[in-house]
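The first residue in the sequence is number 1, and the count goes up from there.
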Amino acid sequence: MATVRHRPEALELLEAQSKFTKKELQILYRGFKNPGSISFRECPSGVVNEETFKEIYSQFFPQGDSTTYAHFLFNAFDTDHNGAVSFEDFIKGLSILLRGTVQEKLNWAFNLYDINKDGFITKEEMLDIMKAIYDMMGKCTYPVLKEDAPRQHVETFFQKMDKNKDGVVTIDEFIESCQKDENIMRSMQLFENVI
């Protein structure tokens with residue numbers, strides 16, 4: 001399944017499905033496969049399981065516990081829900097995050113927050129994500145945070161986004177609220193020229 005990733009026709013197909021050039025894809029693929037880098041180095045088959053993904057992600061956030069957030073992120077990249085992130089899965093997600101339209105980025109973010117994939121973000125789902133982010137950032141980064149900071153963040157989020165006050169945030173509410181928030185819109189453009 002994953003042994004043909006480097007073949008030119010597979011690369012051309014991926015170029016057509018993403019917003020990366022062939023050269024950029026070659027660079028990303030080398031990083032994906034390079035045994036010496038902080039990359040998907042333990043994936044000779046071209047796919048990464050969740051445990052390897054967590055190990056890789058933890059290297060980016062050594063000051064905290066990134067396990068839970070990496071789990072949510074893994075599920076967002078694993079679009080076919082087969083328990084593995086292939087190079088294609090990784091590129092398609094990265095393409096959206098780095099080069100996608102605002103609408104595509106917001107859809108991807110909504111999918112990340114919608115943990116059970118039922119089309120709604122609940123307070124419980126948002127709280128799980130917020131706790132995971134705070135854990136990942138570590139106590140050293142935020143020494144003065146109170147224990148209820150994630151819950152306060154969620155309450156603020158829902159006050160802003162749950163327009164009809166039904167206790168859940170739909171994709172439409174999420175997108176509309178994000179598009180009206182200048183800080184969110186600025187953050188959507190931060191990584192557009194990373195590669």
Side-chain angles (χ1 to χ4, degrees), residues 1-61 66-119 121 129 132-133 136 170-172 174-176 178-179 184-195:
M1 165 178 155
T3 55
V4 296
R5 303 277 184 242
H6 65 282
R7 294 211 331 234
E9 58 270 20
L11 212 54
E12 286 170 13
L13 180 63
L14 200 49
E15 183 182 7
Q17 295 172 341
S18 74
K19 297 180 188 213
F20 294 120
T21 66
K22 197 171 189 176
K23 183 73 176 163
E24 289 170 329
L25 287 169
Q26 289 168 336
I27 292 165
L28 287 165
Y29 185 74
R30 278 196 295 273
F32 191 86
K33 298 288 285 187
N34 182 356
S37 68
I38 299 176
S39 67
F40 296 82
R41 66 202 178 290
E42 295 171 27
C43 55
S45 64
V47 296
V48 176
N49 65 26
E50 186 172 342
E51 286 313 304
T52 303
F53 189 89
K54 286 177 181 177
E55 286 172 30
I56 295 162
Y57 207 75
S58 71
Q59 295 175 55
F60 292 100
F61 296 93
S66 63
T67 308
T68 307
Y69 189 73
H71 165 75
F72 296 136
L73 202 56
F74 179 86
N75 286 338
F77 275 105
D78 181 17
T79 53
D80 54 6
H81 309 294
N82 67 351
V85 172
S86 67
F87 181 63
E88 282 85 348
D89 292 335
F90 179 68
I91 288 301
K92 288 174 186 173
L94 201 60
S95 177
I96 290 169
L97 292 172
L98 298 182
R99 307 264 171 87
T101 64
V102 167
Q103 183 82 23
E104 289 169 331
K105 290 176 184 181
L106 291 173
N107 281 329
W108 198 93
F110 183 88
N111 179 56
L112 172 67
Y113 289 119
D114 180 16
I115 295 170
N116 68 0
K117 311 300 180 222
D118 66 353
I121 300 172
I129 295 276
I133 290 170
M136 178 178 66
T170 64
I171 183 84
D172 292 336
F174 182 81
I175 289 173
E176 182 185 336
C178 288
Q179 287 177 329
I184 293 174
M185 288 296 93
R186 267 196 304 275
S187 70
M188 291 276 149
Q189 297 164 352
L190 281 180
F191 301 107
E192 285 181 358
N193 298 307
V194 168
I195 296 176

Of the non-hydrogen atoms in [X] and [Y], which two are nearest, and what is the gap between them?
X	Y	answer
Tyr69	Ala132	N-CB, 3.6 Å
Ala84	Asp89	O-OD2, 3.4 Å
Gly119	Asp114	N-OD2, 2.8 Å
Ser95	Lys19	OG-N, 2.8 Å
Met185	Cys178	CE-O, 3.4 Å

Within a reach of under 6.0 Å around NZ of Lys117, are more than 12 heavy atoms found that belong to other residues, nucleotides or ligands?
yes
Can you list everything that forms a ring pair (Phe, Tyr, Trp, His ring centres under 6.0 Å) with Phe77? Sequence neighbours excluded, please.
Phe90, Trp108
Taking the side chain as every heavy atom from C-beta outward, state whether [X] and [Y] have any pair of such atoms under 4.5 Å apart.
X	Y	value
Leu14	Phe87	yes
Thr170	Glu176	no
Asn107	Ile175	yes
Gln179	Gln103	yes
Leu25	Ile91	yes

Just how far is it from atom [atom1] of [X] to atom [atom2] of [Y], taken to the nearest 0.5 Å?
X	Y	atom1	atom2	result
Phe74	Thr67	CZ	OG1	14.0 Å
Arg99	Leu94	CZ	CG	8.5 Å
Leu73	Tyr57	CG	OH	5.0 Å
Phe72	Ile129	CZ	CD1	4.5 Å
Thr21	Leu28	OG1	CG	9.0 Å
Thr79	His81	OG1	NE2	7.0 Å

Take Glu50 and Lys54 through the test salt bridge (charged side-chain N to carboxylate O under 4.0 Å, His left out) and record every step on the way to the result.
CA-CA 6 Å; Glu50 186 172 342; Lys54 286 177 181 177; 3.3 Å; yes
When you measure from the side chain of Asp78 to the backbone N and O of Asn82, does any donor-acceptor pair fall under 3.5 Å?
yes
Using the test side chain to side chain donor-acceptor pair (under 3.5 Å), find all partners of Asn49 that sit at least two apart in sequence or belong to another chain.
Thr52
